[in-house]
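Order of the sequence lines sets the chain letters (A, B, ...), proteins ahead of strands, with each chain counted from 1.
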Amino acid sequence: MNTHQTDNHFSNRVLTWFDRHGRKHLPWQQQPTPYHVWVSEIMLQQTQVTTVIPYYQRFMVRFPDVSALATAGVDEVLHYWTGLGYYARARHLHQAAQHIHSQHHGIFPTQWAEIVALPGVGRSTAGAIMALAYGQRYAILDGNVKRVLCRYHAITGWSGSSAVSQSLWALAEKYTPANRVADYTQAMMDLGALICRRRGALCEECPLHSDCQAYRQQAVDAYPHSKPRKATPENHLIVLVIVSEKGLLLEKRPDTGIWGGLWSLPQVSDMTAIADWCKTHCQFTPTNWHTWPSLSHQLTHLRLHLHPVAIVLPEGNAPNLLAVAPSASFCWYNFDAPPALGLPAPVVRLVEQIKMKC
DNA sequence: AAGTCGGGGGC
DNA sequence: GCCCCAGACTT
């Protein structure tokens with residue numbers, strides 16, 4: 001009977017705090033159009049605000065609206081995404097823009113079901129667009145909201161497990177108010193990011209601390225429970241550094257898997273495959289090569305070691321090599337006029353090294 | 001239900 | 001080093 005009162009109690013406290021302390025000057029808040037909210041939400045998936053801001057600003061200058069994004073090439077979109085990670089986000093964003101451009105005349109859809117059907121948009125991102133851009137009462141459940149709710153109710157278990165996630169969604173829906181839903185949604189993210197921080201939570205400044213179960217237990221740092229982790233595997237990749245007067249040879253990666261759709265160095269399965277690879281793809285058999293120092297690259301779930309092998313081009317055989325590229329899957333990366341392509345972060349590092357040697 | 005997908009921030 | 005971050009998608 002008093003559950004409704006309790007729900008308003010929660011959102012009222014959050015909203016009062018927001019009026020005084022919430023963030024109101026983030027780039028995507030200035031004109032919270034569906035397009036601005038959408039792009040920002042996709043960039044912010046698993047990515048911190050301070051990292052996103054410069055990417056968002058560059059992106060909006062180049063792709064100011066859905067149609068600008070839809071009519072651009074996917075390589076250029078990935079170029080603007082280079083360094084942000086999770087590149088499927090960029091390809092999905094581009095696909096969705098093309099869908100909106102061709103099927104909805106460039107007008108962003110207004111219904112939740114249409115929005116959640118867009119590639120790359122799940123339940124939480126769709127809720128954020130509905131709440132922030134349209135003021136409709138839809139809930140979100142991002143990392144911030146999860147942390148606030150896990151602590152407020154002292155919820156045990158990993159928040160990614162289906163049982164805990166289901167409980168959290170029910171709570172998120174319950175607390176989301178009908179009035180001022182845009183402010184409330186922003187407030188919950190701000191509360192999680194600024195006050196209910198992963199470490200070093202500022203509980204004395206939190207509008208909810210008098211009712212927070214984790215605070216009452218004096219065990220705020222224990223929530224949310226972290227994901228059980230396994231040992232991260234190590235992967236070794238042999239990559240080829242082939243430089244001609246046209247630049248560095250790059251190969252486009254398939255859309256699925258790591259660095260999907262990005263341009264990387266050609267990769268071979270083992271050292272014995274190098275000669276065959278050159279014969280097949282470049283119509284020449286290298287006489288010798290040099291192994292360069294390896295680069296390590298830590299990902300969430302594995303550790304990569306790149307072993308660059310520099311192929312020495314035989315004198316006079318460069319013309320044959322030129323026949324290789326450009327094509328759909330190969331290109332020459334010109335250091336003096338770098339093309340707008342997406343490159344994995346360690347390849348960017350390697351390109352910098354190669355540029356120094358040339 | 002568990003794995004995959006990246007790079008950077010912060011301690 | 002380690003864990004996490006305005007999650008979604010595939011298997």
Could you check whether [X] gets within reach of a base, just the sugar-phosphate, or nothing at all, counting any heavy atom under 4.0 Å?
X       : answer
A128(A) : nothing
S124(A) : sugar-phosphate
I129(A) : nothing
L84(A)  : base
V145(A) : nothing
G192(A) : nothing
W28(A)  : base
R197(A) : nothing

Between [M] and [N] - [atom1] atom distance, rounded Å:
N       : M      : atom1 : answer
dG3(B)  : dC3(C) : P     : 16 Å
dT11(C) : dG6(B) : P     : 15 Å
dG10(B) : dA6(C) : P     : 12 Å

query = Nearest heavy-atom pair of Y184(A) and L15(A): which atoms, and what distance?
reply = N-CD2, 3.6 Å
Exercise: identify the closest heavy-atom pair between P308(A) and V241(A) =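 Minimum heavy-atom contact is CB-CG2, 4.0 Å.
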Whether [X] contacts [N] is assessed here as follows: a side-chain N or O lying under 4.0 Å from the phosphate OP1 or OP2. Is that the case?
X       : N      : answer
W158(A) : dA1(B) : no
H301(A) : dG6(B) : no
H297(A) : dG6(B) : no

task = Return one dot-bracket line describing DNA chain B 5' to 3' (Watson-Crick or G-U wobble pairs, both distances under 3.5 Å; ( ) same strand, [ ] crossing, | another strand, . none).
result = |||||.|||||
message = I want to confirm an ordering. Mapping L299(A) and T51(A) to their closest nucleotides on DNA chain B, which one lands closer to the 5' end?
response = L299(A)
query = DNA chain B: Y86(A) or S162(A), which has the more 5' nearest nucleotide?
reply =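 The answer here is S162(A).
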Whole-Å distance between [N] [atom2] and [X] [atom1]?
X       : N       : atom1 : atom2 : value
N235(A) : dG6(B)  : CG    : P     : 13 Å
L262(A) : dG7(B)  : CG    : C1'   : 12 Å
L44(A)  : dG6(B)  : CG    : C1'   : 15 Å
R199(A) : dG10(B) : CZ    : P     : 11 Å
Y87(A)  : dT4(B)  : OH    : P     : 19 Å
R89(A)  : dT4(B)  : CZ    : C1'   : 14 Å
R303(A) : dG7(B)  : CZ    : P     : 14 Å
Q48(A)  : dC11(B) : CD    : P     : 10 Å

inquiry  = Return whichever of R198(A) or W169(A) has its heavy-atom-nearest nucleotide of DNA chain C closer to the 5' end.
reply    =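 By nearest-heavy-atom nucleotide position, the 5'-most residue is R198(A).
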message = Assuming nearest nucleotide by heavy-atom distance, tell me which of H225(A) and G120(A) is located more 5' along DNA chain C.
response = H225(A)
Is it the case that over 12 heavy atoms from other parts of the model lie below 6.0 angstrom from the [atom1] atom of [X]?
X       : atom1 : value
K279(A) : NZ    : no
Q166(A) : CD    : no
N179(A) : CG    : no

task = Check ring pair (Phe, Tyr, Trp, His ring centres under 6.0 Å) between Y86(A) and all other residues, then give those that pass, not counting sequence neighbours.
result = none
request  = Provide the start and end nucleotides, 5' to 3', of the part of DNA chain C that has atoms under 4.0 Å from heavy atoms of chain A.
outcome  =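 Result: dC3(C) to dC9(C).
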message = Once hydrogens and angles are ignored, does a donor-acceptor distance under 3.5 Å link the base of dG8(B) to the side chain of T47(A)?
response = no
request  = Have a look at F108(A) and tell me which of Y134(A), Y35(A), W38(A) forms a ring pair (Phe, Tyr, Trp, His ring centres under 6.0 Å) with it.
outcome  =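 Single pass found, and it is W38(A).
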inquiry  = For Y56(A) and W28(A), I'd like to know if the aromatic rings sit close, meaning centre-to-centre distance below 6.0 Å.
reply    =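 Judged by ring-centre distance (under 6.0 Å), Y56(A) and W28(A) do meet the cut-off.
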request  = Fit a plane to each ring of H281(A) and W277(A), take the angle between them on a 0 to 90° scale, and name the class: parallel (under 30°), tilted (30 to 60°) or perpendicular (over 60°).
outcome  = parallel
query = Which class fits the ring pair H236(A) and H307(A): parallel under 30°, tilted 30 to 60°, perpendicular over 60°?
reply = parallel
task = For a side chain to side chain contact (heavy atoms under 4.5 Å, CB included) with L248(A), tell me which candidate from L265(A), L350(A), V347(A) qualifies.
result =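 Among L265(A), L350(A), V347(A), the one meeting side chain to side chain contact (heavy atoms under 4.5 Å, CB included) with L248(A) is L265(A).
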